Structures are given as structure tokens and as C-alpha cells.
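Inspection log for the structure reproduced underneath, given as C-alpha cells.
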Amino acid sequence: TTEEQQNQQDYSISSIYSSFNEVYGYFDKSLKHNWAGPELWRIQRLKQKALQDAENRTNSSSALDAASTNDTATSIVSVDKKRRKEVDYTIDFSEPINEESLFAPASANLQLPKNHWRTLNRNLLPDDYHIDSKRLLRLFLKDNALINARSNSSTTSQPEADVDPS
Amino acid sequence: MSVSAVVSASQKSIASHRKLCNRLFLLKDENDFLPDLLGCLNALIRIKRGNPNAERVLRFIITFINYLQQKIPDYDLAQPILKHLLKGVDAKDKVVRYRCCQAIARVTNMLREIDDELYGTLRSKLLLRVRDKESTVRVEAAIALSRLQDQDETDENEVRDTLLFLLQSDPSVDVRRAVLLNVEVSNKTLPFILERARDVDPKNRRIVYAKVLPKIGDFRYLNIRKRIRILKWGLKDRDETVQLAAAQMLSTSWISNANNNLLELLERLDVVNNEEIAVLVLENFFKLRPEIFKDLQFEESFWKELTAESSILARVFNSICVQQNLTELNERIPDLVQLTFFLEQQYVRMRNETVYEEVCFVIQQLLHICNNMNLGDEIGRRKLLGCLSNSLTTLELPDQIVKLQIELMVKLCTSELDFCSLMMEVITDVYEQGHETPQQEQVEPNKSSPSELDTDSDARSSLSAAETQSPDVIPEVPAANAEEKLATQLNEKDIKAAFSELHCLTYIQFMFENITSDFNKNHFLPTILQSIIIPSVRSHDAPIREKGLKCLGLSCLLHRELAKENITLYLHCFTNGDTSLQLISIHVICDIILMFGPSIAEDHEQEISDMYLTALSDLENQELQANAAEAISKFLMIVHFHDDLFIKPLIIQYFEPNTFENQRLRQVLGYFFPVYAFGSYENQRRIGNVFCDTLLHLMEIYDSLDDDDRVLTPLNIAQQILDWIDFEKLYMLHDNLKLENQDLHLHIADNIIDALVELEDDESKDKKLLISLLGKLKIPRTLPSQSYAHTISKLETFEQHGILLDTSSSNMLNKFAEAMEYNKQIAQKNEEETVHVVSDTEEDTSMIDVKREP
DNA sequence: CTAGGGAAGCTACACATC
DNA sequence: GATGTGTAGCTTCCCTAG
């Protein structure tokens with residue numbers, strides 16, 4: 001049986017990666033606020049900033065370019081902002097206002113239509129089962145044993161699951 | 001200065017308001033004073049939301065009304081203004097409605113008296129306005145309506161009930177928040193308020209802890225169940241700010257209502273029945289009040305008079321010390337020898353039945369502490385080990401304690417073999433206690449005491465025993481209330497034996513959970529298997545059989561051959577057993593495959609996958625379904641057992657409205673899918689392969705639904721799945737792998753076009769949806785030109801089919817075709833250039849946006 | 001000095017209007 | 001049913017309060 005175990009392919013996701021904990025730590029973190037099932041799922045858009053950073057890192061040769069364009073960009077933006085900030089909020093109280101039109105009754109229905117009042121579970125979250133990587137990497141029968149997803153370089157003849165020392 | 005000039009001046013700053021109040025006061029007796037002021041209001045109520053000047057003017061007017069009331073109590077300005085504003089609450093312009101409601105809310109606050117007629121109009125108009133189609137209007141109307149609350153706690157109170165309705169049902173978080181902050185707290189409203197601690201919006205949840213609950217004052221107005229629930233929700237919330245708010249409420253308001261005494265606070269939380277929450281409470285409390293943590297002292301007398309509260313306090317103190325490496329503070333906890341002594345005292349105390357539950361709780365806390373202690377001291381270790389094994393032999397302990405004790409014993413023993421030998425002794429003793437009979441010869445052969453067995457028997461022999469457990473010898477499943485049957489049918493002696501067997505099996509279960517030895521190298525294991533586990537699997541008593549099957553499963557995890565042999569047994573249990581047996585089968589087979597890899601299942605692949613698929617789609621049995629989903633998730637994540645078979649049904653169950661109530665299933669899968677998909681590009685492709693097929697299936701389900709169940713639209717579902725197979729979201733440790741799966745969405749486009757051809761003319765909704773998806777796909781510009789060409793040729797053959805489309809759909813289709821054509825040309829150009837230039841990094845990661853391309 | 005709240009800008013979607 | 005309008009929800013940026 002030892003030989004068979006040795007020959008067992010390592011199917012674990014982590015075989016692609018060097019660090020197992022890092023991967024699942026990442027998923028635990030990134031899925032922390034998206035746990036309540038498909039109805040309440042929000043698709044997370046990749047942040048434009050992160051994408052740009054990544055691009056800058058890959059194009060290290062054009063780092064200088066990027067820096068200078070960034071500088072000019074920010075200054076332009078700030079000037080723009082200042083200009084736009086001068087929005088005039090002044091209210092004119094001198095002119096009389098025609099009450100007819102001001103209080104003109106609505107032609108259409110002003111009430112929110114009935115089907116909009118239908119809620120999903122009274123706008124409450126479901127019970128939280130706190131699913132995380134530990135939960136899915138655990139054996140059903142041995143809740144203190146994490147499935148030991150080793151990299152395929154391992155030469156030990158131990159089974160895939162191992163009692164977690166913690 | 002005219003009225004309008006004064007009001008106009010008030011918009012610039014709040015600082016001037018006092019002076020302007022005086023100015024306006026001087027004008028109060030002029031003929032046109034009121035009309036002028038109302039004219040100003042008219043100007044004000046046209047100003048849209050978010051204008052800071054408007055906020056200042058309104059504030060000024062309120063200040064002035066207040067000022068006037070102080071100076072001349074008889075001068076009633078509030079009511080005329082109110083009357084005027086009421087003209088605008090039904091206006092066509094939503095800004096007018098919004099401002100009027102806002103102003104009404106503020107003015108109503110100032111009202112000293114109001115004539116009945118005006119009140120009636122106000123009330124009925126607001127009751128309508130809180131159902132306005134604009135959420136901004138509803139917010140202000142709700143605030144205004146909350147000013148009309150009275151102390152009336154009768155069953156029928158329209159104002160209160162309307163507010164509570166909004167609190168639960170308004171689709172806008174802001175409206176719910178406004179009500180939450182303004183509804184009067186009373187016996188009638190409290191349950192509705194507490195419920196908001198689980199509002200979908202984290203801010204609303206936080207407000208419950210930070211703003212509303214402190215209003216109640218003493219937490220003892222809540223019964224214990226409510227206290228626990230609110231703490232559990234708050235302290236376990238996914239949002240840190242909510243957790244913090246709950247912890248702050250606990251460590252400021254609640255503790256002061258318990259005389260600033262932690263133990264008193266714990267007494268009010270029924271810790272014996274709420275251990276998990278009590279631990280959380282203490283951990284969070286100490287996080288915010290570290291000074292109290294540092295000052296904790298445990299005198300000699302403390303340990304001699306342990307209570308539920310004091311023991312859990314010590315346990316959490318200890319665990320925090322260990323977690324944070326506070327070795328010095330941890331010295332306040334006695335050493336192992338002393339702890340053993342205190343533990344023994346508790347075992348003695350246990351005989352007093354009136355305190356049994358509390359003592360059990362105290363023992364658990366002591367065991368937790370021992371488990372955290374440095375076990376280096378040889379004398380202490382031996383003493384504790386003796387104490388633990390002795391109590392296991394002589395006492396009937398609850399399962400949680402047994403579990404903790406056995407876990408501790410593993411750590412205390414120098415080797416796993418020592419541990420097994422010790423457990424063997426304990427189990428033998430317990431077994432014999434249950435099978436003592438005046439005439440020993442009456443003991444059935446297969447129930448012989450383990451001590452009499454040949455302890456040298458190896459795994460082979462137990463295996464042969466297991467082999468005899470072919471499905472046909474498994475007794476048929478008895479009626480559900482097996483325990484009752486058991487009690488009536490068996491005589492007292494048998495009952496005693498049965499209970500001791502259960503007792504032993506419990507020990508074996510926890511023992512096996514904690515060992516990893518190779519079955520053949522630890523001679524205790526085959527002995528236990530053959531003498532206790534296997535007979536119990538054959539038992540006619542359901543509880544014994546179940547426990548036996550669990551223990552057999554645990555044995556399988558230690559022995560590959562044994563596992564392989566017994567897969568059929570568990571398959572049989574699934575087909576013929578009740579839910580609890582089915583669950584055991586789901587668990588055991590899953591663990592076996594995870595442990596030894598899919599190859600172990602090669603003789604029964606079909607039956608095993610059938611079993612999991614049957615369980616997964618069993619809408620009548622939520623627990624089974626959830627466990628199957630969890631097991632399959634583990635298969636796909638860890639060992640890739642039949643991914644292509646399971647992935648589609650798994651997606652369908654995830655989105656299927658009928659599993660909405662099965663939150664465990666949904667949350668397991670909600671975690672699983674992103675991890676699976678983003679975990680590797682091969683997984684993403686697997687999902688991609690079934691995308692269209694699955695989506696069409698889900699669209700069919702959607703069409704068959706009642707309106708009430710149509711929460712998730714096909715578009716929404718499609719977007720979620722497409723998100724899983726977004727190559728940019730692949731988790732990559734190395735950036736150079738970022739190039740994987742860039743063409744995945746293009747393949748999806750191909751599949752979508754293929755699917756379009758298959759659709760009938762009467763499925764125009766579906767066609768429309770699929771085409772709209774084409775525009776949402778993430779297709780890079782940098783793919784080889786043949787890829788685009790392939791898609792284009794598919795589009796062309798589709799057009800040849802001459803399928804009827806509405807204009808918007810065909811527009812979208814054209815746009816998509818143009819974009820692909822454009823991409824193809826660019827790619828071709830680049831490919832020609834690449835012959836000369838080696839690389840062009842500039843456009844490597846740029847995406848096309850179908851809408852913007854020419 | 002940092003985090004949290006608020007405003008601005010953007011996008012996707014729903015609704016209304018013709 | 002095509003079209004424009006409006007709103008919700010998101011990100012990003014900025015300010016301010018602790």
C-alpha cells in the first residue's frame with residue numbers, strides 16, 4: 001500500500017502554489033462579506049487602481065513614464081475639482097413663486113408599486129454558518145484533522161489527511 | 001431689511017442666525033410677514049436634496065419659530081407654516097414632496113399644540129407619504145411620522161404599526177435606518193428593533209448596538225434568550241464595525257448594569273447553556289478593557305469554590321495568555337498537579353445531582369485549561385493521566401467531557417501506542433462492567449469481552465470479519481423510535497449491556513478521532529475493531545449500529561484495504577437506511593476518498609456518484625442535501641472526483657429557488673464556487689464547459705416559477721457564473737500565469753451562439769438574454785486572430801439560419817460582430833508585425849469594451 | 001495621523017415616454 | 001419597442017473628527 005500511496009497523484013489545488021495557507025487565507029478574506037448565498041451576492045468589480053498597479057509592475061520599463069503621467073494627471077484633476085467645486089448653491093428668495101405649479105398635483109400614482117414592497121426575508125440576513133476554508137478542508141469524521149494538502153514534491157508515504165497539530 | 005432678505009442672508013452661515021432671528025422678530029407684526037415667510041418657504045422647497053444652503057435656511061426657520069415661542073408664547077407660527085407645507089406633500093415634483101416632509105418633520109417637533117383637524121390631515125397625509133415611490137421622500141415622511149408617536153401601547157396603533165412595517169419591509173436601507181433611529185422603544189416595538197441586528201445593511205446592524213440598544217438602559221429588560229441572541233449576532237457578525245459596536249455596548253453599558261462585575265454579568269448570561277457565547281463575551285470584553293484583564297487574580301479559594309462563571313473566566317484568561325504568549329500572566333494559573341487536584345474535587349462534587357450540570361461545565365473549563373498548559377512536568381502529567389482514565393472508567397460522563405478528556409490524554413501520553421494501551425484498559429473495564437453476569441458462560445460469543453480476545457490478531461483477520469458484513473447480513477432498518485422498542489423488548493441486563501456498549505463505542509469514537517497510526521502497526525486497533533466495532537455494526541439496536549458504523553468509518557481511515565472493502569457496506573446503508581444512516585454513509589465514503597484518493601473508489605464509481613447525486617437533489621431532506629453538497633465540494637476542491645459530472649447539478653442546486661431555505665447548502669456552495677473557480681484555470685474551464693447548458697436549464701426553472709420565487713433573474717445568475725470564470729480573478733501566486741484563460745469568455749461566446757441556433761422562435765426572452773450576455777463578456781484584444789475568426793464564422797452561420805430577432809438584440813449582435821471583426825484585424829496586424837518586433841507589452845492586458853469600439 | 005463619512009463621477013439597469 | 005431619463009450602487013477622492 002505504501003507504493004500506491006506514493007504513486008497517488010496530488011490533486012490538491014495547492015499543488016500549483018507554493019503556499020497553501022496563503023491561498024486559503026486569501027479566499028477566506030475575500031469571501032468574508034459574500035457569504036449569504038446567491039440572492040445577496042455582490043459581484044466584486046476589480047478595482048481600477050489595483051489593475052493599474054499590476055500593469056505598472058509588469059511594465060517596469062515604462063515606470064518613469066507612468067510616474068510623470070500620473071503627476072500631470074493628478075494636477076489636472078485637482079484643478080478640475082476646484083473649478084467644479086465652485087457650484088453655486090445660492091437660493092434666490094426675491095422672486096415670488098407660482099404656487100399653482102409648485103403644488104401642482106401629480107397626475108400619476110405617487111405610491112411605490114406593491115411588488116416593490118416584497119422583501120427577501122424581511123431584509124434580514126440568513127443564519128450564518130460561518131463557512132470557511134477550514135470547514136471544507138476538514139474530514140467529516142475527524143473534525144480535528146485538516147486535509148493536508150501538500151505540494152507534490154512530498155516523498156512521505158503518509159496518507160493525505162493528517163491530524164492537525166493545533 | 002425685508003423678510004426675504006433676512007431669510008436669504010441665513011443661507012450663508014449658521015453663525016449669523018442669532019442676529020437674523022432678531023431682525024426677523026422685528027418684522028413679525030407687519031401685514032405681509034406671514035405671506036412673505038411662506039413665500040420664502042416656497043423658494044426653499046424647490047431646492048433639491050444635498051444643497052447645504054437649503055439646510056441652513058430650514059435650520060434658521062426652526063430656530064426662529066423656537067425663538068418666537070420663547071418670546072411670545074401666544075404667537076403661533078408653527079401651525080400656519082405646517083398648513084402651508086402640507087399643500088406640498090402631494091405635489092408632482094418629488095423635490096417639493098421631499099422638502100415639505102423634511103420641513104414638516106422639523107416643525108412638528110416644535111409644535112406645542114395642534115388642532116384636531118390639522119393633526120388628522122397631517123397624520124393621514126404622512127401615512128400616505130411613507131409609501132411614496134421616492135425613497136428620499138419616504139425617509140423624511142417616516143421621520144415626520146415618528147414625531148406623531150404616542151405612548152399608546154394598544155394592539156392597534158396605526159402610526160406605530162406603519163413605522164414597524166417600514167422597518168421590516170421598506171426596500172431602502174435609508175428608510176429602515178430612519179425608522180430604526182426614530183421609533184419609540186417599547187415592549188411592542190422591541191422585537192422589531194432587535195431583529196434589525198440582522199439587517200442586510202451593516203450600518204443598520206451597527207446602529208442597533210451603538211444607538212438603539214443603549215437607549216433601553218438596563219439589558220435586563222431583555223430575557224436571557226434575547227440577550228444571548230443579540231450578543232451572538234453582534235459578536236459573530238462578519239462586519240468588524242458591528243462586532244466592535246456590540247463589544248462596546250457590552251463593555252460599557254451592560255457591564256455597568258451588572259455593577260461593573262464580570263461574574264455578575266456572566267451570571268446573567270446563563271453560561272452553562274451558552275458556553276460559546278460566554279467565551280466570545282469575555283474575549284471581546286478583555287479586548288476593550290485590557291486593564292481589567294491584567295488585574296485578574298485567582299486566589300487559592302477561587303479554585304476551591306469554582307462556579308460556572310468563575311471557571312470560564314479562568315479558562316478564557318488562560319487561553320488569551322496562551323494565544324498572546326503572555327507567559328508571565330499565565331503563571332497566575334496553577335500548575336498541572338494543582339489543577340489535577342481541583343479537577344478531582346469536581347469529580348467528587350459531581351455525585352451531588354443538584355449541581356451536576358454546573359460541575360460538568362466547570363470540569364470542561366478545567367480540561368480546556370489543562371489542554372493549554374505546559375505538559376512538561378512528568379509528575380503532573382502522570383497524575384492528570386491517572387485522574388482522567390480513572391474518571392472515564394468509573395463515571396458516566398457527557399460526551400463533550402469525554403471528547404475533551406481523550407484529546408487531552410493523547411497529548412499526555414508519550415506515544416500513540418501508550419495512549420491506545422491506556423484506552424484499551426479503560427474500554428475493557430467499561431465493557432466488563434456492562435457484561436457482568438452471575439453466569440459468565442451466558443455471554444454470547446460475538447460479544448465476548450475484548451480482554452479475552454487474541455490481541456495479536458492483525459488487520460487481516462479483522463478485515464475478514466468486515467468482509468462478512470456483506471449487505472445481505474445487515475439487519476433491516478427498524479422503526480424510527482428504536483430506543484423505545486429497545487427499552488420494552490430487552491430486559492434490564494440487556495439494557496445494561498447495551499448501554500455499556502454504547503459507552504465503549506463513544507470512547508472508541510473519540511479515541512479513533514485522535515490517532516493516525518497505521519492499523520497494522522498498532523495491535524490494539526484490530527482487537528477493538530473485531531471485538532467491539534464489528535459486532536456493534538451487526539447490532540439490532542439502531543443507536544449502537546449507528547455508533548458502530550461511525551467507528552468502522554474511523555477505522556477505515558486508518559486502513560486502506562479495510563476502507564476499500566467497506567465501501568459497499570456504506571452504499572448499502574445509504575440505499576436502505578434512514579436519514580441518520582444515510583448521513584453516515586455520505587460522510588464516511590467522502591472521508592475515505594479524500595483520505596486515499598479517488599482510486600480507492602474505482603470499483604464503485606457509478607454507485608458512489610449516484611449516491612451523492614441522489615442526496616444532492618433530495619429537496620425533501622435538507623440536511624442530507626447540504627451534507628452531499630459539502631461532500632461534493634470537498635471532492636472537487638481537494639481530489640477532483642468526477643468534476644465534470646458534479647459541477648452542473650451543483651450549480652443548479654445553488655441557484656435553484658427551492659434550496660433558499662437550505663442555507664447551509666447555499667453557504668457551503670457560495671464559498672466553494674469562487675474558491676474552486678479562482679483556484680485554478682482548469683477548474684474555470686470546467687465551469688465554462690457547462691455554462692450554457694446549465695444556464696439554459698436554470699432559465700427553464702425560472703420560467704416555471706411563480707412571481708414570488710423570481711428573486712434571482714437569469715441575467716443575475718449568468719453574471720455570477722461568468723464572474724467565476726473571469727480570468728482576471730484567477731488567484732495567481734505568480735504574475736506570469738495571469739495569461740491563463742484569457743480566451744475563456746470568447747469560448748463562452750461561441751457556446752452562446754451555438755445555443756442560439758438551437759432555441760425555438762417562441763423563446764425570444766431567452767434569446768434576448770443570451771445575446772445581451774455577449775456584450776458583457778470579457779474578451780481581450782490580444783488573442784490570436786484565428787480565435788476571433790472562429791467566432792465570426794460562427795456568427796455568420798448563425799445569421800444564415802435567419803432567426804427572427806428584435807431590433808435591440810440584433811443591434812447588440814451586430815455590435816459584437818463588429819468588435820470581433822475589429823479585434824481580428826488588429827490581431828492580424830500585430831501578427832504580421834511580430835515577425836519583426838519580438839513583443840509588444842503595451843496592449844497585453846487591455847480589454848475591449850464592446851460598446852465603445854467603432 | 002488615520003479612519004470613516006461624504007461628495008463626485010461612473011455604470012448598469014429600470015422605468016417612462018413617445 | 002426605441003429612446004431618453006433617473007436612480008442605485010459602486011469606486012475614488014477629499015475632508016474632518018477622533
Side-chain angles (χ1 to χ4, degrees), chain A residues 33-34 39-53 70 73-89 106-116 118 123, chain B residues 48-55 92-95 97-98 132-139 170-177 181 200-207 210-211 239-245 248 710-720 722-723 764-765 767-769 771-778 804-815 847 849-852:
Chain A
H33 296 284
N34 248 343
E39 285 82 4
L40 297 167
W41 191 275
R42 350 224 109 186
I43 293 170
Q44 288 176 324
R45 259 205 307 223
L46 291 162
K47 289 178 188 174
Q48 212 53 43
K49 212 183 165 187
L51 278 181
Q52 274 174 9
D53 286 354
N70 268 354
T74 46
S75 59
I76 289 168
V77 166
S78 60
V79 169
D80 251 30
K81 286 274 156 71
K82 269 176 198 163
R83 261 184 219 149
R84 273 180 213 164
K85 258 208 157 161
E86 291 160 17
V87 179
D88 192 11
Y89 286 121
S107 50
N109 186 11
L110 288 178
Q111 309 298 95
L112 190 71
K114 272 237 171 66
N115 60 330
H116 283 65
R118 256 181 34 211
N123 295 306
Chain B
K48 66 168 185 253
R49 194 168 160 267
N51 182 323
N53 291 20
E55 311 299 325
K92 186 181 177 182
D93 185 348
K94 64 169 182 182
V95 176
R97 276 179 277 140
Y98 161 73
D132 196 285
K133 57 180 168 185
E134 298 297 328
S135 68
T136 51
V137 177
R138 294 200 302 277
V139 168
D170 198 289
S172 156
V173 285
D174 297 312
V175 176
R176 277 179 272 132
R177 186 172 308 153
L181 286 166
V200 288
D201 181 65
K203 221 166 158 188
N204 284 1
R205 277 178 263 147
R206 198 175 67 210
I207 285 170
K211 298 265 161 66
D239 190 297
E240 294 91 344
T241 63
V242 178
Q243 275 181 29
L244 187 66
Q248 267 162 351
R710 289 187 168 177
V711 184
L712 277 168
T713 62
L715 176 64
N716 198 330
I717 292 172
Q719 283 177 323
Q720 291 191 40
L722 284 176
D723 189 57
S764 62
K765 276 244 156 57
K767 272 189 279 189
K768 215 176 154 136
L769 176 84
I771 290 171
S772 78
L773 288 181
L774 289 176
K776 297 181 201 303
L777 297 172
K778 207 179 239 180
L804 292 172
L805 289 177
D806 56 295
T807 37
S808 75
S809 288
S810 61
N811 283 345
M812 276 192 265
L813 203 59
N814 287 336
K815 255 183 195 166
M847 295 298 118
D849 183 339
V850 172
K851 283 191 182 150
R852 281 202 201 147

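Please read these numbers as outputs of a predicted model, since none were measured by experiment.
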Results of side chain to side chain donor-acceptor pair (under 3.5 Å) for B:S809 - residues two or more places apart only: B:D806
Sugar-phosphate, base or nothing in reach of A:Q44, heavy atoms under 4.0 Å: nothing
Side chain B:D174, main chain B:T136, donor-acceptor under 3.5 Å: no
Options C:dC15, C:dC13, C:dT11, nucleotide nearest the side-chain atoms of A:H116: C:dC15
N/O (side chain, A:R42) to phosphate O (OP1/OP2, D:dC10) under 4.0 Å: yes
By side chain to side chain donor-acceptor pair (under 3.5 Å) - contacts of A:Q44 (at least two apart): none
Residues which pass side chain to side chain donor-acceptor pair (under 3.5 Å) with B:D239, listed by chain and number, not counting sequence neighbours: B:T241
Partner set under side chain to side chain donor-acceptor pair (under 3.5 Å) for B:D93, not counting sequence neighbours: none
Length of the line joining B:N716:CG and C:dA12:C1', which is rounded to integer Å: 12 Å
Per B:S135 side chain, nearest of listed nucleotides C:dC13, D:dC10, D:dA8: D:dA8
With sequence neighbours excluded, residues passing salt bridge (Lys or Arg N to Asp or Glu O under 4.0 Å) with B:D170: B:R138
B:D723 CG to D:dC10 C1', straight-line distance once rounded to whole Å: 15 Å
N-O pairing of B:D132 and B:R97 below 4.0 Å: yes
Distances for protein N/O vs nucleotides 3-5 of chain C N/O pairs under 3.5 angstrom?
| unit_1 | atom_1 | unit_2 | atom_2 | d |
| --- | --- | --- | --- | --- |
| C:dG5 | OP1 | B:R206 | NH2 | 2.8 |

Touch class at under 4.0 angstrom, heavy-atom based, for B:S172 against every strand present: nothing
Nearest-angstrom distance from the residue atom CG of A:N109 to P of C:dC15: 14 Å
Integer-rounded Å distance: C:dA12 P and B:K778 NZ: 12 Å
Residue whose nearest DNA chain C nucleotide is more 5′ - A:A108 or A:R45: A:R45
Separation of D:dG1 P from B:I771 CD1 (nearest whole Å): 15 Å
side-chain N/O B:K776 vs C:dC13 OP1/OP2, d < 4.0 Å: yes
Distance in angstrom units between A:H33 NE2 and D:dG9 P, rounded: 18 Å
d(CD1, A:I43; P, C:dT11) in whole Å: 17 Å
Atom-pair distance (OH on B:Y98; P on D:dG6), nearest Å: 18 Å
B:Q719 side-chain proximity, nearest of D:dA8, D:dG9, C:dC13: C:dC13
